[in-house]
Chemist: 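Got a structure for you, written out below as structure tokens; questions coming shortly.
Quick note on labels: first sequence line is chain A, next is B, and so on, each numbered from 1.
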Protein chains: 2
Amino acid sequence: MVTIADVARHAGVAPSTVSYVLTGKRSISPQTRTKVRESIRLLGYHPHAGARALATSRANVVALVLPLRPGVHLPVLMRFVTAAVTTARRHDMDVLLVTADQGAQGLRRVAGSAQVDGFLVMDVELDDDRVPLLRQMAQPSVLIGRPAAVKGLTCVDLDFEAAGARCVDHLADLGHRYIGFLGAPSVVYQRNTGYAQRTMAGFGAAAMRRGIASTALPAEDDYESVLVSVRSLLRTQPAMTALVVHNEAALGWVAGSLRALGRRVPDDVAVVAICPDELAEQMQLTSVQLPAEELGRQAMELLVARLNGHPTAPLTLLPPKLSGRASTAPRLRRA
Amino acid sequence: MVTIADVARHAGVAPSTVSYVLTGKRSISPQTRTKVRESIRLLGYHPHAGARALATSRANVVALVLPLRPGVHLPVLMRFVTAAVTTARRHDMDVLLVTADQGAQGLRRVAGSAQVDGFLVMDVELDDDRVPLLRQMAQPSVLIGRPAAVKGLTCVDLDFEAAGARCVDHLADLGHRYIGFLGAPSVVYQRNTGYAQRTMAGFGAAAMRRGIASTALPAEDDYESVLVSVRSLLRTQPAMTALVVHNEAALGWVAGSLRALGRRVPDDVAVVAICPDELAEQMQLTSVQLPAEELGRQAMELLVARLNGHPTAPLTLLPPKLSGRASTAPRLRRA
DNA sequence: AGCGGCTGTCGAAGCGCTTCGACAGTGGAA
DNA sequence: TTCCACTGTCGAAGCGCTTCGACAGCCGCT
């Protein structure tokens, strides 16, 4: 292994000088600098990460805590991971992969051994048991998701309330006056999954604001259930001409159910989905996307900011973006 | 930060003694051992990873080099990653995430700074430009995939030849005598993607061995092309009663194409796919699976073995496993 | 009683890096 | 000319751990 001493000897300077060339923490004459740089290149020198970590108490590594449970949408996860890694690299950081199944235990171990300088934790739930730990750890962390209390944390999330509202506004602007909401399976609302509830809330509030009649129902993820839910929505509100769907798994059955009930998309019923963009693209649905890249990038930027001692807001909400596609159209006024 | 000196003081012993308790490299009296263990627990001590790495020149971290280009099947990738991480943890190793887009450059950096003890490189192609680098690096590596020359390497892969053969055998055992092969898009065969060619080769050889007439054709991944390819196969070999498909993207169109041409699955044409299990499960296809977990686990075990100085075979091929589902049936002898 | 070989523990050196204080050398102000 | 303030470089200490050689105490042997 080539050490800093080798480089120093080769360049005819002291090790400390090489270090200063590398870190730029003291001024070095141009001649010396180029000489040292040349030696570094020639010898193929790379500073020993462990030694550097020991001396600076900075590892230049962040932990990425990934949920690997079934049910996460993998394309979105991957886009997120890619963005996070890319952003980390732009700040000369590496990424240590920690799977959520290692639990709080794993976090403690990684944090305790000073392997990483900070944590990026995905898929945080309303009352996540890792939150108290993260709060008291020496290393800063950024959470994707939104636990009940964000005080003392740094959280990034899509603004699901705004997303729900955005759907309503889009449909209202198109002239729709009766809108239905097809939500996640009811169990999702039972356990504390904040984003589902917040979307609903945003949807409901926006509808009220715009003077629009709304009806909401959960949906399970098989065809029969979706059909039942959709039928029930139509029965409750026969004048319904638009539907907001916040349920990836049910998405595939919605158009079919509507067709089975004699409604065509978008002419009889306009559909807006809140879902990953690929799905929407594939089914040609107007949708509010889950901005995975943006989330990953932002989260990592915030983490880096905290590592550099900058204060950060406890909660950053990304504004929803709606992409118009074939599943929405202005309300048809029948003769 | 709690250091080994703190623990030593608390337990009334020398730092080296604590170290020996931790590593077990010298015998320690039971009394001392429990005393030290207790102090460790009480103080919440974790050895500093960097310091340890510096002293032992072992980081206890392996790099996982992931392809994040489009086209990789993410569920399979994730299963693989999970298995690799889990296996690593069982050997007290952590996993550093390196994305393939960082290229050889990235490998060199990570290797040079002694951040990791070894590399697990996924998705290696026949003439991968990282292979020469990996060969000459100080750290050992295990490759998933199979470059042209495996000498001096450690590679793990599914035995694609055997997979092709396994399909033929299954169909032959069911009485089929005329079998078609629907391959990857032709560009895949043009660039050097070993596994596609090897599957073909295994398929062809097995057919010859069993005295079976075989015809093969590539397929693009849209409905029209698949239809054209299937029609062409049937025209070339009108007596064809079985089809092996090695093309995930085309898979969705195969049954439809056959139906459009007046053939029903499995009665008129039996279909065997070589694809990830979820896909096969979802479409109810008899298939040879891509054993992602097994691959990840094996690869990591081999890497650990190499890290411990054990020699490993340059090539480990996993035997294919065929799962029977609704798309194959014995050949129907028509009246 | 004396000796050799164990066992269990200690102290110190060293892993490769950063960083602090020291200090020559230089140029400009007094 | 003297003095001061820089600028650029060096040497040494120290980060927290492992590991090697040393060695005290003990047992069992002659």
Chemist: To the nearest angstrom, how far is B:H48 atom NE2 from C:dC15 atom P?
Modeler: 19 Å
Chemist: Would you say B:S29 and B:T32 are linked by a side-chain donor-acceptor pair, where the criterion is simply a distance under 3.5 Å?
Modeler: yes
Chemist: For A:R58 and C:dT18, what is the distance between atoms CZ and P respectively, to the nearest whole Å?
Modeler: 13 Å
Chemist: Enumerate the residue pairs fulfilling salt bridge (charged side-chain N to carboxylate O under 4.0 Å, His left out) with a member in residues 72-87 of chain A, sequence neighbours excluded, ordered by first and then second residue.
Modeler: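 Found A:R79-A:E278, A:R79-A:E293.
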Chemist: Using heavy atoms to find the nearest nucleotide of DNA chain C for B:S27 and B:L54 separately, return the residue whose nucleotide is more 5′.
Modeler: B:S27
Chemist: Can you list every pair that meets salt bridge (charged side-chain N to carboxylate O under 4.0 Å, His left out) and has a residue in residues 13-39 of chain B, with sequence neighbours left out?
Modeler: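 Salt bridge (charged side-chain N to carboxylate O under 4.0 Å, His left out) check on residues 13-39 of chain B returns B:E38-B:R41.
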Chemist: Rounded to whole Å, please give me the gap between CG in B:L43 and C1' in D:dG16.
Modeler: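 Going from B:L43 (CG) to D:dG16 (C1'), I get 15 Å.
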Chemist: Any donor-acceptor pair, under 3.5 Å, between the side chain of B:R52 and the base of C:dG16, if you only look at N and O atoms?
Modeler: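 Answer no: no donor N or O sits under 3.5 Å from an acceptor.
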Chemist: Measure from CD on B:Q31 to C1' on D:dC26 and round the result to the nearest Å.
Modeler: 14 Å
Chemist: Give me the residues of residues 4-12 of chain B where at least one heavy atom lies under 4.0 Å from an atom of DNA chain D, by number, or none.
Modeler: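 Contacts with DNA chain D under 4.0 Å: B:I4.
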Chemist: Round to a whole Å and report the spacing from CG of A:L22 to C1' of C:dT19.
Modeler: 14 Å
Chemist: At what distance, to the nearest 0.5 angstrom, does CG of A:L43 lie from OG1 of A:T3?
Modeler: 9.5 Å
Chemist: Calculate, to the nearest 0.5 Å, the distance between atoms CD and CZ belonging to A:Q102 and B:R89 respectively.
Modeler: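 With rounding to 0.5 Å, CD (A:Q102) is 5.5 Å from CZ (B:R89).
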Chemist: Which residues pass the salt bridge (charged side-chain N to carboxylate O under 4.0 Å, His left out) test with A:R9, sequence neighbours left out?
Modeler: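 Scan of A:R9 (salt bridge (charged side-chain N to carboxylate O under 4.0 Å, His left out), adjacent residues dropped) gives A:D6.
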Chemist: Give one of base, sugar-phosphate or nothing for A:S19, where a contact means two heavy atoms less than 4.0 Å apart.
Modeler: base
Chemist: Polar atoms only, N or O, under 3.5 Å: list the protein pairs with nucleotides 11-14 of chain D and their distances.
Modeler:
| residue | atom | partner | partner atom | Å |
| --- | --- | --- | --- | --- |
| D:dG11 | N7 | A:S16 | OG | 3.3 |
| D:dG11 | O6 | A:S16 | OG | 3.2 |

Chemist: Just to be sure I understand the rule, does A:S57 reach a base, reach only the sugar-phosphate, or reach nothing, if contact means heavy atoms closer than 4.0 Å?
Modeler: nothing
Chemist: Would you say A:T23 reaches C:dT19's phosphate, i.e. side-chain N/O to OP1/OP2 under 4.0 Å?
Modeler: no
Chemist: Starting from P on C:dT7, measure out to CZ on B:R33 and report it in whole angstrom.
Modeler: 14 Å
Chemist: In Å and rounded to the nearest 0.5 Å, what is the CE to OG distance from A:M1 to B:S113?
Modeler: 7.5 Å
Chemist: Can you check the A:R26 CZ to C:dC20 P distance for me, whole Å?
Modeler: 7 Å
Chemist: Quick one: pull up CG in A:L120 and OG1 in A:T154 and give me the separation to the nearest 0.5 Å.
Modeler: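 Separation between the atoms: 10.5 Å.
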Chemist: Please state whether the phosphate of C:dT18, meaning OP1 or OP2, lies under 4.0 angstrom from any side-chain nitrogen or oxygen of A:K25.
Modeler: no
Chemist: With a 3.5 Å cut-off and no angle check, do the side chains of A:H91 and A:E301 form a donor-acceptor pair?
Modeler: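 Side-chain D/A pair, A:H91 to A:E301: present.
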Chemist: Among C:dT9, D:dC10, D:dC17, find the nucleotide with the atom closest to the side chain of A:T17.
Modeler: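 It is D:dC10.
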Chemist: Please state whether the phosphate of C:dT9, meaning OP1 or OP2, lies under 4.0 angstrom from any side-chain nitrogen or oxygen of B:S29.
Modeler: yes
Chemist: For A:D157, give me all partners under side chain to side chain donor-acceptor pair (under 3.5 Å), at least two apart in sequence or on another chain.
Modeler: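 Counting only residues at least two positions away or on another chain, A:D157 forms no side chain to side chain donor-acceptor pair (under 3.5 Å).
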